[in-house]
Amino acid sequence: MSKYFRRKLFIYVLTFFLAVTIDWLIPRFMPGNPIQVLIARANLKAESAKVVYSYYMRAFGLDVPIWNQYANFWNALFHGDFGTSLWLFPQPVIKIILRAVPYDILLLLPAILLSWFAGNKFGAFAARSKWLDNTVSPLGYVLTATPYMWLGMLLAWTFGIVLRVLPFSGAYSYALMPTLSWIFIWSLLEHWILPFVSLFMVMFGGWAIGMRNMIIYELEADYSHYLETLGAPRRLIRRYAFRNALLPQITGLALQLGVIVAGALVTEIVFSYPGIGYLILQAIQNHDYFLLQGCFLFVIIGVLLANLAIDVTYVLVDPRTRTGMQGER
Amino acid sequence: MSLQVDDLTLYYQTLHGDVKALEGATFSVADGEIMGLAGESGCGKSTLANGLILLKPPMRFVHGSVRLDDEELPVWDTDRMDAFRFRRISIVPQYAMNALNPTRKIGKMTVELLRSRKVDVRSTLPELERRLDLVGLSHEVLGMYPIELSGGMKQRMVMVLSTLLDPSLLMADEITSALDVSTQKAVARMLVEFRDRRFVKSLMVITHDLSILNQIADSILIMYAGRLAEKGSTDRIINAPRHPYTRLLIASLPKVGVRHRQTRLTGIPGSPPFLLHPPVGCRFRERCPAALPECGEEPPFVEIEKGHYVACWRESGTDAEA
């Protein structure tokens with residue numbers, strides 16, 4: 001058992017190292033110079049611009065050779081330093097990200113969990129009734145094939161512009177400051193509904209279809225047939241099938257939860273929701289190496305932790321992995 | 001009479017029409033009898049077994065009747081059959097090695113199954129353990145997952161489970177096919193022992209391996225292309241077969257002491273007909289070396305001597321002359 005986890009851990013460390021390296025490389029492949037973008041915004045005279053430019057290049061550590069920058073980056077990372085944002089200069093990257101993360105969790109955690117529960121339930125129902133299968137399954141296929149932003153725009157247009165019942169921009173009213181008051185919470189909730197529904201519906205379709213297909217597969221498995229020949233009631237056979245069909249869905253859930261901190265990029269852009277997805281877009285547009293790096297680093301850590309959680313969960317819920325491990329001692 | 005099947009006809013529904021997998025099956029299995037059911041792949045052996053216990057689409061009940069211990073078996077009604085399954089009629093399926101739920105401990109699954117069938121678990125468990133001893137499985141298997149057992153162990157577990165409620169009829173579908181020869185023999189002996197200890201009243205052993213039947217069966221039923229060809233005591237079928245198909249089948253078995261470097265193993269030329277549009281008349285006619293003009297009509301399955309039935313015009317012809 002401990003050997004299994006030691007090996008897993010080694011793979012995770014290696015993956016982390018490679019992923020972070022790629023994360024560091026990608027922003028630097030972007031054309032353009034971030035400092036020049038920063039200075040251009042300041043509207044300085046040519047001579048002073050030159051001085052400021054060299055000052056900033058040194059300040060951000062961009063004047064040393066590229067390999068040196070890479071080493072400095074790892075060094076800073078181990079000291080918990082994510083750097084300073086260029087877009088929101090001089091705020092530190094970590095502060096910007098931590099400000100955005102609650103919105104992502106608020107939006108995505110309920111969307112993912114509720115759609116997972118509802119999708120699995122409905123998928124399992126659909127697998128057992130022809131009538132439901134003919135209604136829920138096509139709906140599920142349509143939903144899961146719908147792009148998030150298209151559904152988002154449709155909802156924003158219908159409920160925000162035509163019916164004028166729900167706001168569709170920002171995480172709370174622009175007239176409010178974040179405080180712990182009922183007015184603010186109500187505003188938060190109002191702004192949360194549309195992005196949540198658009199995410200929920202698309203994800204729901206995917207889960208429902210996946211579950212339906214898995215249940216049908218399990219009901220045709222040999223052990224289900226055997227129970228049938230022994231006259232076991234349908235309820236018992238379905239219970240077994242549901243439990244076994246759930247295993248791949250758990251993997252899917254954990255993977256989804258892993259990218260929770262990445263936010264829902266397109267949905268957040270449609271609704272101007274200030275999560276990490278929104279930050280990523282801003283970071284790219286402003287050549288903000290450090291913010292982009294920081295955002296992706298969060299995603300990397302999230303995905304790796306989620307995978308670790310899957311590995312542990314599987315050991316708990318699927319006896320086949322557990323006994324498999326005993327064999328490799 | 002344990003099992004009495006009359007004119008049982010089962011089709012498979014397909015987009016191209018009905019596949020006539022089993023037609024006019026009429027036979028009986030006596031109390032305490034081990035009947036072997038043999039024939040080549042696709043001849044309807046498993047269709048017959050499944051038709052008796054789990055008849056569901058695409059399989060379709062056409063007509064016929066089945067009686068078990070002088071009680072009508074509603075094979076066409078899946079819900080009403082539930083009362084008979086496991087308690088009165090049971091099966092060790094062809095896929096016995098995958099028949100257990102992989103994510104449940106075997107003991108737990110057994111208890112859940114028994115409870116769902118309203119069987120008193122507490123009084124059944126000691127019997128279960130006794131039978132595990134009998135087949136050489138330790139009681140620990142009840143605390144294990146199926147993956148922890150070898151294929152042979154899983155099969156024995158399924159045999160114990162299927163017969164736990166002492167059914168009148170047990171069908172063993174190809175249970176020796178995936179085993180090595182020595183294990184085959186052990187499993188075959190186990191079946192006989194189950195019958196001798198009255199765990200099951202009578203047995204239907206489905207196989208394409210005549211040598212196994214020769215060892216354990218009291219009688220043998222030979223099928224060909226969805227029809228019964230011949231039924232008789234094991235001795236008569238092996239030593240004095242009457243149907244040309246049975247004769248060729250027996251003749252094509254390798255014999256001990258014969259060097260096949262010199263004499264080629266013979267088979268039966270040709271292949272069985274497709275059952276979507278089976279030929280009229282005797283279905284073996286195309287491959288039969290002794291075909292007669294009458295064979296264009298379907299031969300009846302008649303008793304030519306006590307307990308020996310044959311579906312062949314030649315046999316019924318000689319019978320009529322005598």
Side-chain angles (χ1 to χ4, degrees), chain A residues 1 4 120 124 127-131 133-134 211 214-251 310-329, chain B residues 46 49-56 78-106 108-119 143-149 154-155 157-158 161-165 167 170-171 173:
Chain A
M1 184 90 98
Y4 170 82
N120 281 333
R128 71 179 72 164
S129 125
K130 202 155 206 154
W131 182 82
D133 201 21
N134 287 337
M211 192 59 180
M214 280 308 297
I215 287 264
I216 286 176
Y217 174 81
E218 293 292 336
L219 285 177
E220 286 301 313
D222 284 339
Y223 69 86
S224 300
H225 281 305
Y226 181 55
L227 286 172
E228 273 181 280
T229 64
L230 294 184
R234 227 156 267 179
R235 225 160 33 90
L236 181 74
I237 301 172
R238 290 216 161 109
R239 215 176 74 214
Y240 283 177
F242 184 77
R243 195 187 134 107
N244 292 347
L246 211 54
L247 291 174
Q249 299 287 84
I250 290 174
T251 311
I310 301 172
D311 283 336
V312 175
T313 316
Y314 253 76
V315 169
L316 294 178
V317 294
D318 191 345
R320 285 168 289 190
T321 29
R322 211 167 0 183
T323 44
M325 268 157 27
Q326 286 165 1
E328 62 179 54
R329 252 189 310 232
Chain B
S46 294
N50 288 329
L52 291 181
I53 194 163
L54 185 66
L55 204 164
K56 61 175 202 176
T78 300
D79 293 332
R80 268 173 64 204
M81 266 303 284
D82 269 344
F84 294 90
R85 292 184 184 126
F86 198 16
R87 289 171 190 274
R88 304 283 298 282
I89 179 169
S90 193
I91 187 168
V92 179
Q94 209 163 357
Y95 49 80
M97 300 185 187
N98 303 316
L100 301 168
N101 182 356
T103 58
R104 267 278 190 279
K105 283 184 178 153
I106 291 168
K108 193 167 180 202
M109 196 206 93
T110 308
V111 168
E112 283 172 340
L113 173 67
L114 291 173
R115 254 193 215 127
S116 76
R117 293 304 314 270
K118 314 259 185 305
V119 177
M144 291 182 181
Y145 290 97
I147 192 179
E148 298 175 80
L149 272 60
K154 273 186 265 193
Q155 192 180 42
M157 186 63 227
V158 169
L161 192 57
S162 286
T163 55
L164 192 57
L165 302 183
L170 177 72
M171 296 179 286
D173 192 357

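Note: hydrogens, waters and symmetry copies are ignored here, and every other heavy atom, side chains too, is used. Every chain is numbered from 1 and lettered A, B, ... according to where its sequence line falls, protein lines coming before strand lines.
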Q: Should B/D82 and A/R234 count as an ion pair when the cut-off is N to O under 4.0 Å?
A: no

Q: Count the heavy-atom pairs under 4.5 Å between each of B/K56, B/M81, B/R87 and chain A, then report the option with the highest count.
A: B/K56

Q: Using non-hydrogen atoms and a 4.5 Å limit, figure out which bit of B/L114 sits close to chain A: side chain, backbone, both or neither.
A: neither

Q: Could you tell me whether the side chains of A/Y226 and B/S162 share a donor-acceptor contact shorter than 3.5 Å?
A: yes

Q: Is it the side chain or the backbone of B/N50 that comes within 4.5 Å of chain A heavy atoms, both, or neither?
A: neither

Q: Looking at every heavy atom in both B/L100 and A/Y223, which two are closest together, and how far apart are they?
A: C-CB, 3.6 Å

Q: Looking at B/R85 and A/E228, is there a salt bridge between them, counting it only when a charged N and a carboxylate O are closer than 4.0 Å?
A: no

Q: Atom CZ of A/R243 and atom OG1 of B/T103: how far apart are they, to the nearest 0.5 Å?
A: 5.0 Å

Q: Of the non-hydrogen atoms in B/I53 and A/T229, which two are nearest, and what is the gap between them?
A: CD1-O, 3.4 Å

Q: Would you say A/N244 and B/P102 make side-chain contact, with heavy atoms under 4.5 Å?
A: yes

Q: Among A/A241, A/A232, A/A221, which residue has the highest count of heavy-atom pairs closer than 4.5 Å to chain B?
A: A/A232

Q: With a 4.5 angstrom heavy-atom cut-off, is it the side chain or the backbone of A/L236 that approaches chain B, or both, or neither?
A: side chain

Q: Yes or no on side chain to side chain contact (heavy atoms under 4.5 Å, CB included) for A/L230 and B/I91, after CA distance, side-chain angles and deciding distance?
A: CA-CA 8 Å; A/L230 294 184; B/I91 187 168; 5.7 Å; no

Q: For the side chain of B/R117 and the backbone of A/P233, is there at least one donor-acceptor N/O pair under 3.5 Å apart?
A: no

